[in-house]
Q: 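Sharing a structure, written as C-alpha coordinates. Questions coming.
Residue numbering restarts at 1 for every chain, and letters A, B, ... go by the order of the sequence lines.
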Amino acid sequence: MKIATYNVNGIKARLPRLIEWLTETQPDVVCLQELKSSDETLPIKDVEAAGYGGVWHGQKGFNGVAILARGAAPVEVQRGLEGDPEDVQSRYIEADVFGIRVAGIYLPNGNPQPGPKFDYKLAWMERLRKRAQALLAEEVPALIAGDFNVIPNDDDIYKPTAMADDALMQPESRAAYRRLLGDGWTDALRRRYPAGGVWTYWDYQAGAWQRDAGFRIDHLLLSPALADRLTDAGVDKDHRGREKASDHAATWIRLHDHRD
DNA sequence: ATGACTAATAGCATTAGA
(Lines give C-alpha, C1' and ligand atoms only; values in the text may rest on other atoms or scores of the structure.)
Protein backbone atom coordinates (compact mmCIF):
# COMPACT_ATOMS: atom_id res chain seq x y z
CA MET A 1 0.00 0.00 0.00
CA LYS A 2 1.26 3.43 -0.98
CA ILE A 3 0.40 6.47 1.14
CA ALA A 4 1.38 9.96 0.03
CA THR A 5 1.23 13.55 1.22
CA TYR A 6 1.10 16.38 -1.29
CA ASN A 7 0.92 20.13 -0.71
CA VAL A 8 -0.71 21.15 -3.98
CA ASN A 9 -0.54 24.94 -3.45
CA GLY A 10 -4.05 25.59 -4.75
CA ILE A 11 -6.12 22.63 -5.90
CA LYS A 12 -7.93 24.59 -8.61
CA ALA A 13 -4.71 25.85 -10.16
CA ARG A 14 -3.17 22.40 -9.76
CA LEU A 15 -6.06 20.20 -10.84
CA PRO A 16 -4.61 18.87 -14.14
CA ARG A 17 -1.29 18.15 -12.42
CA LEU A 18 -3.01 16.49 -9.46
CA ILE A 19 -5.15 14.21 -11.64
CA GLU A 20 -2.11 13.37 -13.74
CA TRP A 21 -0.10 12.47 -10.62
CA LEU A 22 -2.93 10.35 -9.18
CA THR A 23 -3.28 8.48 -12.45
CA GLU A 24 0.44 7.90 -12.93
CA THR A 25 1.40 6.93 -9.38
CA GLN A 26 -1.84 5.32 -8.12
CA PRO A 27 -1.41 6.04 -4.41
CA ASP A 28 -3.89 4.22 -2.17
CA VAL A 29 -4.19 7.06 0.33
CA VAL A 30 -3.37 10.74 -0.19
CA CYS A 31 -3.23 13.65 2.26
CA LEU A 32 -3.58 16.98 0.48
CA GLN A 33 -2.71 20.42 1.85
CA GLU A 34 -3.12 24.04 0.79
CA LEU A 35 -6.32 23.45 -1.15
CA LYS A 36 -6.95 27.23 -1.06
CA SER A 37 -10.60 26.65 -1.84
CA SER A 38 -13.87 26.90 0.00
CA ASP A 39 -15.88 23.70 0.40
CA GLU A 40 -18.36 24.99 -2.19
CA THR A 41 -15.75 25.31 -4.96
CA LEU A 42 -13.65 22.19 -4.31
CA PRO A 43 -13.29 20.05 -7.49
CA ILE A 44 -14.50 16.93 -5.69
CA LYS A 45 -16.21 15.47 -8.76
CA ASP A 46 -12.99 15.62 -10.78
CA VAL A 47 -11.14 13.74 -8.04
CA GLU A 48 -13.95 11.18 -7.82
CA ALA A 49 -13.80 10.74 -11.59
CA ALA A 50 -10.13 9.82 -11.17
CA GLY A 51 -11.24 7.02 -8.83
CA TYR A 52 -10.81 8.59 -5.40
CA GLY A 53 -13.18 9.08 -2.52
CA GLY A 54 -12.34 11.73 0.02
CA VAL A 55 -13.03 13.76 3.12
CA TRP A 56 -12.52 17.49 2.67
CA HIS A 57 -11.93 20.46 4.97
CA GLY A 58 -11.68 23.54 2.79
CA GLN A 59 -11.26 27.24 3.50
CA LYS A 60 -11.61 30.21 1.20
CA GLY A 61 -8.30 31.48 -0.07
CA PHE A 62 -5.91 29.74 2.30
CA ASN A 63 -5.14 26.48 4.04
CA GLY A 64 -7.45 23.50 3.42
CA VAL A 65 -6.77 19.77 3.83
CA ALA A 66 -8.21 16.52 2.51
CA ILE A 67 -7.74 12.77 2.72
CA LEU A 68 -8.29 10.71 -0.44
CA ALA A 69 -8.51 6.95 -0.91
CA ARG A 70 -8.34 5.00 -4.16
CA GLY A 71 -11.62 3.21 -4.73
CA ALA A 72 -12.81 3.81 -1.18
CA ALA A 73 -14.48 6.39 1.03
CA PRO A 74 -12.45 7.43 4.09
CA VAL A 75 -14.59 7.71 7.22
CA GLU A 76 -14.05 11.04 8.93
CA VAL A 77 -13.16 10.90 12.61
CA GLN A 78 -12.36 14.52 13.41
CA ARG A 79 -11.64 17.90 11.86
CA GLY A 80 -9.69 20.62 13.59
CA LEU A 81 -7.64 20.28 16.78
CA GLU A 82 -8.91 20.85 20.28
CA GLY A 83 -7.35 23.46 22.52
CA ASP A 84 -8.26 26.75 20.80
CA PRO A 85 -11.96 27.49 20.20
CA GLU A 86 -10.99 30.70 18.35
CA ASP A 87 -9.01 28.80 15.70
CA VAL A 88 -11.01 28.62 12.45
CA GLN A 89 -8.13 27.65 10.15
CA SER A 90 -8.57 24.43 8.15
CA ARG A 91 -5.39 22.58 8.99
CA TYR A 92 -6.35 19.20 10.45
CA ILE A 93 -8.50 16.30 9.27
CA GLU A 94 -8.56 12.72 10.48
CA ALA A 95 -10.17 9.63 8.97
CA ASP A 96 -10.17 5.83 9.01
CA VAL A 97 -9.36 4.05 5.77
CA PHE A 98 -7.99 0.58 4.93
CA GLY A 99 -7.67 -0.18 8.65
CA ILE A 100 -5.44 2.82 9.30
CA ARG A 101 -6.16 6.03 11.20
CA VAL A 102 -4.89 8.84 8.98
CA ALA A 103 -4.31 12.37 10.26
CA GLY A 104 -3.69 14.93 7.51
CA ILE A 105 -2.11 18.17 8.68
CA TYR A 106 -1.05 21.57 7.37
CA LEU A 107 1.08 22.90 10.19
CA PRO A 108 1.33 26.70 10.40
CA ASN A 109 4.32 28.29 8.68
CA GLY A 110 5.04 30.61 11.60
CA ASN A 111 6.79 33.42 9.78
CA PRO A 112 7.73 36.04 10.60
CA GLN A 113 9.40 35.01 13.81
CA PRO A 114 9.30 36.07 16.51
CA GLY A 115 5.70 37.20 16.50
CA PRO A 116 2.09 36.08 16.86
CA LYS A 117 2.27 33.75 13.85
CA PHE A 118 5.23 31.94 15.37
CA ASP A 119 3.40 31.72 18.71
CA TYR A 120 0.41 30.23 16.86
CA LYS A 121 2.66 27.68 15.19
CA LEU A 122 4.21 26.52 18.46
CA ALA A 123 0.83 26.39 20.20
CA TRP A 124 -0.59 24.42 17.26
CA MET A 125 2.27 21.93 17.53
CA GLU A 126 1.45 21.32 21.18
CA ARG A 127 -2.23 20.84 20.30
CA LEU A 128 -1.17 18.36 17.62
CA ARG A 129 1.05 16.55 20.12
CA LYS A 130 -1.88 16.05 22.48
CA ARG A 131 -3.98 14.55 19.69
CA ALA A 132 -1.03 12.43 18.55
CA GLN A 133 -0.58 11.10 22.09
CA ALA A 134 -4.26 10.15 22.18
CA LEU A 135 -3.84 8.25 18.91
CA LEU A 136 -0.92 6.30 20.34
CA ALA A 137 -2.94 5.57 23.46
CA GLU A 138 -5.71 4.12 21.28
CA GLU A 139 -3.15 1.70 19.84
CA VAL A 140 -4.71 1.88 16.40
CA PRO A 141 -2.33 1.70 13.39
CA ALA A 142 -1.93 5.43 12.78
CA LEU A 143 -0.13 7.89 10.59
CA ILE A 144 0.27 11.66 10.67
CA ALA A 145 1.09 13.00 7.24
CA GLY A 146 1.32 16.46 5.79
CA ASP A 147 3.20 19.69 5.44
CA PHE A 148 4.80 20.11 8.87
CA ASN A 149 6.62 23.33 7.98
CA VAL A 150 9.57 22.09 10.03
CA ILE A 151 13.04 21.32 8.68
CA PRO A 152 14.01 18.73 11.29
CA ASN A 153 17.81 18.67 10.90
CA ASP A 154 20.59 20.61 9.21
CA ASP A 155 21.00 17.79 6.67
CA ASP A 156 17.35 18.26 5.66
CA ILE A 157 18.22 21.47 3.79
CA TYR A 158 20.66 22.27 0.99
CA LYS A 159 22.28 25.05 3.03
CA PRO A 160 21.30 25.57 6.68
CA THR A 161 22.42 29.20 6.74
CA ALA A 162 19.95 30.06 3.97
CA MET A 163 17.02 29.60 6.36
CA ALA A 164 18.71 30.18 9.70
CA ASP A 165 16.29 32.91 10.77
CA ASP A 166 13.20 31.21 9.36
CA ALA A 167 10.43 29.76 11.51
CA LEU A 168 10.86 26.40 9.73
CA MET A 169 14.16 25.66 11.44
CA GLN A 170 14.08 27.55 14.71
CA PRO A 171 15.21 25.52 17.73
CA GLU A 172 11.68 25.78 19.20
CA SER A 173 10.11 24.35 16.01
CA ARG A 174 12.62 21.52 15.88
CA ALA A 175 12.25 20.77 19.59
CA ALA A 176 8.46 20.49 19.22
CA TYR A 177 8.93 18.12 16.27
CA ARG A 178 11.42 16.03 18.27
CA ARG A 179 8.97 15.83 21.15
CA LEU A 180 6.45 14.25 18.76
CA LEU A 181 9.01 11.67 17.66
CA GLY A 182 9.96 11.07 21.28
CA ASP A 183 6.39 10.06 22.03
CA GLY A 184 6.81 7.08 19.71
CA TRP A 185 6.33 8.29 16.12
CA THR A 186 8.73 7.28 13.35
CA ASP A 187 9.76 9.79 10.67
CA ALA A 188 9.45 7.44 7.67
CA LEU A 189 11.66 9.38 5.23
CA ARG A 190 14.31 9.72 7.89
CA ARG A 191 14.29 6.00 8.54
CA ARG A 192 14.56 5.25 4.82
CA TYR A 193 17.27 7.89 4.27
CA PRO A 194 19.11 8.27 7.62
CA ALA A 195 21.83 10.48 6.14
CA GLY A 196 19.33 13.14 5.04
CA GLY A 197 19.80 15.01 1.77
CA VAL A 198 16.20 14.41 0.67
CA TRP A 199 14.09 17.43 -0.29
CA THR A 200 10.32 17.79 -0.63
CA TYR A 201 10.11 21.53 -1.36
CA TRP A 202 11.87 23.86 -3.80
CA ASP A 203 11.06 27.57 -3.81
CA TYR A 204 9.65 29.05 -7.00
CA GLN A 205 12.16 31.89 -6.71
CA ALA A 206 15.78 32.36 -7.70
CA GLY A 207 15.97 29.10 -9.68
CA ALA A 208 15.77 26.96 -6.55
CA TRP A 209 14.54 23.90 -8.50
CA GLN A 210 17.27 24.17 -11.13
CA ARG A 211 19.92 24.55 -8.39
CA ASP A 212 18.35 21.72 -6.34
CA ALA A 213 18.16 24.21 -3.48
CA GLY A 214 15.46 22.44 -1.52
CA PHE A 215 14.58 21.20 1.89
CA ARG A 216 12.40 18.60 3.62
CA ILE A 217 9.22 19.75 5.35
CA ASP A 218 6.60 17.22 4.20
CA HIS A 219 6.65 14.30 6.60
CA LEU A 220 4.91 11.00 7.32
CA LEU A 221 5.01 9.92 10.96
CA LEU A 222 4.18 6.30 11.73
CA SER A 223 2.83 4.69 14.86
CA PRO A 224 4.87 1.68 16.06
CA ALA A 225 2.60 -0.87 14.32
CA LEU A 226 2.92 0.96 10.98
CA ALA A 227 6.66 1.55 11.38
CA ASP A 228 7.04 -2.23 11.47
CA ARG A 229 5.30 -2.43 8.09
CA LEU A 230 7.40 0.25 6.32
CA THR A 231 9.02 -1.17 3.17
CA ASP A 232 10.01 1.96 1.24
CA ALA A 233 9.70 5.74 1.13
CA GLY A 234 10.49 8.47 -1.36
CA VAL A 235 9.65 11.72 -3.13
CA ASP A 236 8.00 12.05 -6.55
CA LYS A 237 10.55 14.62 -7.73
CA ASP A 238 9.75 14.17 -11.41
CA HIS A 239 6.44 15.98 -11.13
CA ARG A 240 8.04 19.00 -9.42
CA GLY A 241 9.90 19.79 -12.63
CA ARG A 242 6.81 19.89 -14.83
CA GLU A 243 4.89 22.92 -16.07
CA LYS A 244 2.63 24.60 -13.51
CA ALA A 245 3.92 22.36 -10.70
CA SER A 246 3.38 22.94 -7.01
CA ASP A 247 6.46 24.12 -5.13
CA HIS A 248 6.16 20.91 -3.07
CA ALA A 249 6.65 17.38 -4.35
CA ALA A 250 4.49 14.47 -3.26
CA THR A 251 6.18 12.42 -0.55
CA TRP A 252 5.21 8.78 -0.02
CA ILE A 253 5.67 5.56 1.87
CA ARG A 254 4.97 1.93 1.10
CA LEU A 255 3.60 -0.39 3.76
CA HIS A 256 3.62 -4.15 3.70
CA ASP A 257 0.02 -5.00 2.98
CA HIS A 258 -2.33 -7.14 0.96
CA ARG A 259 -2.66 -4.23 -1.52
CA ASP A 260 1.03 -4.58 -2.52
C1' DA B 1 16.98 43.98 1.34
C1' DT B 2 11.27 41.95 2.44
C1' DG B 3 13.09 41.34 -3.25
C1' DA B 4 12.62 37.16 -6.27
C1' DC B 5 7.69 33.59 -7.84
C1' DT B 6 2.97 31.81 -7.41
C1' DA B 7 -2.03 31.60 -6.08
C1' DA B 8 -6.17 33.72 -4.47
C1' DT B 9 -9.15 37.53 -3.96
C1' DA B 10 -10.91 41.24 -5.66
C1' DG B 11 -7.88 43.90 -8.86
C1' DC B 12 -5.57 47.60 -11.51
C1' DA B 13 -2.56 45.84 -5.42
C1' DT B 14 -2.36 43.06 -1.34
C1' DT B 15 -1.79 38.92 1.48
C1' DA B 16 0.35 34.64 2.29
C1' DG B 17 3.33 31.30 1.50
C1' DA B 18 8.33 29.11 3.18
Q: Considering just the side-chain nitrogens and oxygens of Lys117(A), establish if one lies under 4.0 Å of OP1 or OP2 belonging to dG17(B).
A: yes
Q: Measure the distance from OH on Tyr201(A) to P on dT6(B) and round it to the nearest whole Å.
A: 11 Å
Q: Classify Asp147(A) by what it touches in the nucleic acid, base, sugar-phosphate, or nothing, heavy-atom distance under 4.0 Å.
A: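 Sugar-phosphate, backbone atoms only, no base.
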Q: For Phe148(A) and His219(A), take the angle between the two ring planes, folded into 0 to 90°, and tell me which bin it lands in: parallel under 30, tilted 30 to 60, perpendicular over 60.
A: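 Taking His219(A) first and then Phe148(A), their aromatic rings sit tilted (interplane angle of 30° to 60°).
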Q: For the residue pair Gln33(A) / Asp147(A), report whether a side-chain donor-acceptor contact shorter than 3.5 Å exists.
A: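 Side chains of Asp147(A) and Gln33(A): no pair found under 3.5 Å.
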Q: Among dA18(B), dA16(B), dG17(B), find the nucleotide with the atom closest to the side chain of Phe62(A).
A: dA16(B)
Q: Please test Trp21(A) against Asp238(A) for side-chain contact (heavy atoms from CB on, under 4.5 Å), starting from the C-alpha separation and ending with a verdict.
A: CA-CA 10 Å; Trp21(A) 171 77; Asp238(A) 165 53; over 6 Å; no
Q: Mind checking Asn7(A) for me? I need base, sugar-phosphate or nothing, with any heavy atom below 4.0 Å counting as a touch.
A: sugar-phosphate
Q: Tyr106(A) side chain N/O closer than 4.0 Å to the phosphate oxygens (OP1, OP2) of dA18(B)?
A: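 Looking at the OP1 and OP2 atoms of dA18(B), one of them is under 4.0 Å from a side-chain N or O of Tyr106(A).
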Q: Expressed as a whole number of angstroms, how long is the span from Arg17(A):CZ to dA7(B):P?
A: 12 Å
Q: May I have the distance from Trp202(A) (atom CH2) to dT6(B) (atom P), rounded to whole angstrom?
A: 16 Å
Q: Could you tell me whether Lys121(A) contacts a base, only the sugar-phosphate backbone, or nothing, with contacts defined as non-hydrogen atoms closer than 4.0 Å?
A: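 Nothing: the residue Lys121(A), judged by heavy atoms under 4.0 Å, touches no strand.
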Q: Using whole Å, report how far CG of Asp247(A) lies from C1' of dG17(B).
A: 8 Å
Q: So which nucleotide from dG17(B), dA8(B), dA18(B) ends up closest to the side chain of Lys12(A)?
A: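 Of the options given, the side chain of Lys12(A) lies nearest dA8(B).
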Q: Give a yes/no on whether any side-chain N or O of His248(A) is located under 4.0 angstrom from OP1 or OP2 of dA18(B).
A: yes
Q: Gln170(A) CD to dA18(B) C1': how many Å, rounded?
A: 13 Å
Q: Select one nucleotide: of dG17(B), dA16(B), dA8(B), the one nearest the side-chain heavy atoms of Asn109(A).
A: dG17(B)
Q: Mind calculating the distance between CG (Leu15(A)) and P (dA7(B)) to the nearest angstrom?
A: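 Nearest whole value for this atom pair: 13 Å.
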Q: Within the 3.5 Å criterion, strictly below it, is a donor on Asp187(A) or Tyr177(A) matched to an acceptor on the partner's side chain?
A: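 Present: a donor and an acceptor within the cut-off.
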Q: Mind calculating the distance between CG (Asp203(A)) and C1' (dT6(B)) to the nearest angstrom?
A: 10 Å
Q: What integer distance in Å separates Asn9(A):CG from dA18(B):C1'?
A: 11 Å
Q: Counting only side-chain nitrogens and oxygens, does Lys60(A) get under 4.0 Å of the OP1 or OP2 atom of dA10(B)?
A: yes
Q: Which of the following nucleotides, dC5(B), dA8(B), dA18(B), is nearest to the side chain of Lys36(A)?
A: dA8(B)
Q: Trp252(A) and Asp236(A): side-chain donor and acceptor closer than 3.5 Å?
A: yes
